[in-house]
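Taking it in order: structure first as structure tokens, then the write-up.
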Amino acid sequence: MSKYLFVAGLETHVELQTESKIFCGCSTRFGAEPNTHCCPVCTGEPGSLPVINKKVLAYAIRAGLATHGKISEITSMDRKNYVYPDLPKAYQISQFENPVSVGGYIELDSGKRIRLNHIHMEEDAGKLVHEGGYTYIDYNRGGVPLIEIVSEPDISSVEEAREYVEKLQLIMRHIGVSDCKMQEGSMRCDVNISVHREGEPFGTRTEIKNMNSLSFMEKALAYEYSRQCDLLESGEKVVQETRRYNEGAQTTESMRSKEDAQDYRYFPEPDIPAIHISEEFVDSIRKTMPVLPDELRKIFVEKGLSDIEAKRLVEYKRVADFFLSSLSAGDAKIAANLILGEIFRSMGTEEEKEAFELKFDVEAFTELVALRAQNKINAAIQKRVLQEMLSKGGKPSDYLTADDLAGVDDSAVEGLCRDAIAANERAVRDYLGGKEQALKALLGFVMKATRGKANSGAVELKLKELLGK
Ligand code: ADP
Ligand code: ZN
Ligand code: MG
């Protein structure tokens, strides 16, 4: 154990999935020809007037409610002034005094809460494209709506930082405000980190900007933690500064120190009046909130799933919804096994699981689960039918024959069990001598004779009964 405590606070930018930008009607669609989704408002031409997109406000409130924040009655926009080519009007419209949501928290699996300071709305800037020795500017991203979620410095380890970001990501996806794809930039984190001795005040922090991958964030935090510990150990001081992560060298390096820190000269945005958020508006949003991922996990575990299964089902919103609606079939375990097994195997990529497009509907799936739960078909037939449904769609009855559904009646099972015992003297002796495993040979005999159609649980009971166990 190191003698220095780890302290981090994160500022997380989340790009909102609205059709149009935050202050104008331009499209937010990603990947269009450069500078085709622009207008005088989002490029800040003199005389243009921004008007706030109500959906952005609604999404920000959603994020606040999902993280237990207090939604402000009055929220207002501020100008954050800085000069950089990606920002043609030389200020970003953001929030400073009255953010949409104040406080709240993200709860980790340990039960520890990472408190949030606030959530605010702002516009994204354009993008610089470096090509062939020139730098071009694409303003399509300028004015795309963002929320920034600012945590308190409550994060005490690299692992907690990762879990915090993953939880945030999952919540934002489940409430439908963002796809939070770090590799595509729709979620980006600035991480602040400091170290100090137990019982002493917090140390001086550094900030590592724009982390766009969880593994880079972990490496950057681990590196920065040991760099700061080493500095203190050798009697030096940590300088408050902004650093960047160098992916190649796996180190952090200085970008600018506190002395050149920008003074943004925030002031109230004169072109956008303060917004009064009515209780009715908040209530109308509250009514459309889904069950949140951690709550879903609990429900799934109560239905009999292991925590790992529940966690995997909740990882993708559409999968969780599909599973939830299949629960009427009455057997959560069978449904979960099919989704996490056969169905996930048919989907190679994360994107496919995220999209979760199936050729059959949830009713057909529920029917298949029920057939199995009621022991009308065995596992092998279920698997075959699911494969057919995965490739061709339809419902179980499209692929089931009378023979599949016939099962094996009890008297036949008893006869076959007697045959099995007669034909496997050695296994019978081993079993009676205490080798539980030996029963498998007898079971195998019966299953083979019925081409897998007998109910293996019933066969096992029958065998034990006949063997006097
Ligand atoms: P600023 O006003 O400079 O932006 P804030 O107080 O808003 O600073 O904090 C920005 C982020 O830095 C927050 O996420 C906060 O949790 C984090 N932070 C603040 N102090 C520390 C510290 N000593 N160590 C680590 N993180 C910190
Ligand atoms: Zn525009
Ligand atoms: Mg701040």
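Each ligand, and each atom within it, is numbered from 1 in the order the structure gives.
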Considering only heavy atoms of [X], which atoms of ligand 1 have at least one such atom less than 4.0 Å away?
| X | value |
| --- | --- |
| V150 | 13 (C), 14 (O) |
| E152 | 16 (O) |
| G203 | 23 (N) |
| P153 | 16 (O), 26 (N), 27 (C) |
| L10 | 14 (O) |

Determine, for Y105 and R113, whether the Lys NZ or Arg CZ falls below 6.0 Å from the six-membered ring centre while staying within 45 degrees of the axis.
yes
Please state whether the rings of H118 and H120 are parallel, tilted or perpendicular, taking 30° and 60° as the class boundaries.
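Correct class here is parallel.
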Parallel, tilted or perpendicular: ring planes of F300 versus F323, cut at 30 and 60 degrees:
perpendicular
Which part of N117 is near ligand 1, with near meaning a heavy atom under 4.0 Å away: side chain, backbone, both or neither?
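For N117, no heavy atom sits under 4.0 Å from ligand 1.
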For R205, which part has a heavy atom under 4.0 Å from ligand 1: side chain, backbone, both, or neither?
side chain
Between N192, V238, T204, flag the one that comes closest to atom 11 (C) of ligand 1 by a heavy atom.
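Among N192, V238, T204, the closest heavy atom to atom 11 (C) of ligand 1 belongs to N192.
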Nearest non-hydrogen contact to atom 14 (O) of ligand 1 from the set S194, A8, P201, S151 belongs to S151
T75 side chain to Q95 side chain, donor-acceptor N/O pair below 3.5 angstrom:
yes
Is it the case that the side chains of E152 and N117 hold a donor-acceptor pair, with the cut-off being a distance below 3.5 Å and no angle test?
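Yes, E152 and N117 have a side-chain donor paired with an acceptor closer than 3.5 Å.
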For the Zn ion (ligand 2), decide whether C39 has an N, O or S atom at a distance under 2.8 Å.
yes
Closer than 2.8 Å to the Zn ion (ligand 2), do we get an N, O or S atom from C26, backbone or side chain?
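True for C26.
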Counting only nitrogen or oxygen atoms and a 3.5 angstrom limit, does F202 reach ligand 1?
no
So, F356 versus Y316, ring centres under 6.0 angstrom or not?
no
Keeping the roles fixed (side chain from N81, backbone from Y91), state whether a donor-acceptor pair exists under 3.5 Å.
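Side chain of N81 to backbone of Y91: no pair is present.
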Whether N53 side chain and S20 backbone form a donor-acceptor pair below 3.5 Å
yes
